[in-house]
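Position 1 is the first residue of the sequence, and the numbers go up from there. Every number for a ligand or one of its atoms is a count from 1 in the order of the listing.
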Amino acid sequence: MEILDVGNNKINGTFPYWLESLPMLQVLILRSNRFHGSIEVSPKTALPFRKLQIMDLSDNEFSGNLPTKYFKNLLAMMDAHSDRLTYMGEDAYNESTIVVIKGFFIEMEKIQTMFTTIDLSKNNFEGEIPKLIGKLKSLKGLNFSHNKLTGPILSTLENLSNLEWLDLSSNELVGEIPQQLTNMISLEVLNLSKNRLAGPIPSGKQFNTFDNTSYSENMGLCGFPLSKICGNNEAPQSPTTKFEEEGGYGFDWKIILVGYGCGIMIGVSLGYIVLSNEKFTLFLIKIGFSNLLYA
Ligand SMILES: *[C@@H]1O[C@H](CO)[C@@H](O)[C@H](O)[C@H]1NC(C)=O
Ligand SMILES: *[C@@H]1O[C@H](CO)[C@@H](O)[C@H](O)[C@H]1NC(C)=O
Ligand SMILES: *[C@@H]1O[C@H](CO)[C@@H](O)[C@H](O)[C@H]1NC(C)=O
Ligand SMILES: *[C@@H]1O[C@H](CO)[C@@H](O)[C@H](O)[C@H]1NC(C)=O
């Protein structure tokens, strides 16, 4: 079996773990049923869902953390197929599947194997967005909207260069929108509305194309395209602050300048004393160099 679509029924039960072992399953659609309970399991199969590309569990009553273990396998699958572009069901004919793309139900005649989407929207999932998501490079669409997810939006999502839609709306996400997300060059639809996000909205690239409904109902967000202007302490991130953030040093600019001065002074004065000790001299050179980099 390659495609299992039991969407829009009244199936009441827990997640059907036994589907894990179907080696050819590529599309799993459980959308709009009454599935409930947690999917936080240790998979019973060595390679669960080994060919899965479309996972649509939307509009059910699933709870607990997001099923990270299944994402792990999706990652393995993406790596294996990353340079092949074939179509599912090439032997069969007349296959079609309804997939939700950017909010529209679209009937796909044949599904490219590179086409990968995860839709876990409209459930009761909680906890944070797993870091692993940032590694699912061939992901085209990700919808975690209408859940109870907490924690920050990870800057590692910037690696999702094929992602065309990202919907994290109606959750309990906090913190700022990472400036790095402007590196998601394929992004066409972004929805971060109805969360608890704060700070300036990143600008540049794709972010100049989203309108203010992408950000509505977040008390703390400011800047274009919202009408709320950022205050002094929340001005849009300048290249300097971005650099510090990426390096993760978090140093105050003044301290770095002072450090640069001291680095040279210590380097020069001690360097003469211990010139014979090679290791120590190297150490001093390193300090001097890194201070130069900061400056
Ligand atoms: C699902 O079935 C259980 C009993 O098996 C019942 O208690 C529960 O209300 C049902 N849920 C829905 C949404 O129908
Ligand atoms: C995400 O899922 C919600 C609920 O299922 C839907 O209304 C919304 O249109 C989806 N967003 C995108 C971008 O597809
Ligand atoms: C974002 O989602 C909200 C509802 O959760 C909706 O009203 C709004 O139109 C959506 N915006 C975009 C850009 O999809
Ligand atoms: C969103 O933009 C519209 C005009 O495009 C404006 O009327 C509205 O006030 C804006 N909303 C917010 C929350 O900035």
Student check: side-chain heavy atoms of I153 and L168 closer than 4.5 Å:
yes
Looking at side-chain heavy atoms only, is the closest gap between N208 and S203 below 4.5 Å?
yes
Closer than 3.5 angstrom, by distance alone: can the side chain of S186 be matched with the main-chain N or O of S161 as a donor-acceptor pair?
yes
Heavy-atom donor-acceptor pair, N171 side chain to T150 backbone, under 3.5 Å
no
Contact (N/O only, under 3.5 Å) between S121 and ligand 2
yes
Indicate yes or no: does an N/O atom of K122 lie under 3.5 Å from an N/O atom of ligand 2?
no
Against heavy atoms of [X], which atoms of ligand 2 measure under 4.0 Å?
| X | result |
| --- | --- |
| S58 | 5 (O) |
| S145 | 1 (C), 2 (O), 3 (C) |
| N143 | 1 (C), 2 (O), 3 (C), 8 (C), 10 (C), 11 (N), 12 (C), 14 (O) |

Do you know which of D56, N60, D59 makes side chain to side chain donor-acceptor pair (under 3.5 Å) with R31?
D56
Between T116, I118, N159, which is the residue that forms a side chain to side chain contact (heavy atoms under 4.5 Å, CB included) with L136?
I118
Find all protein N or O atoms under 3.5 angstrom from an N or O atom of ligand 4 and list the pairs with distances, or write 'none'.
unit_1, atom_1, unit_2, atom_2, d
ligand 4, 2 (O), N212, ND2, 2.2
ligand 4, 11 (N), N212, ND2, 2.9
ligand 4, 14 (O), S227, N, 3.0
ligand 4, 14 (O), S227, OG, 2.9

Side chains of S145 and S170, donor plus acceptor under 3.5 Å
no
Could you tell me if N183 and K205 have a donor-acceptor pair between their side chains, going purely by distance under 3.5 Å?
yes
Using a strict cut-off of 4.0 Å, indicate which atoms of ligand 3 neighbour a heavy atom of S214.
13 (C)
Are F49 and Y17 close enough that their ring centres sit under 6.0 Å apart?
no
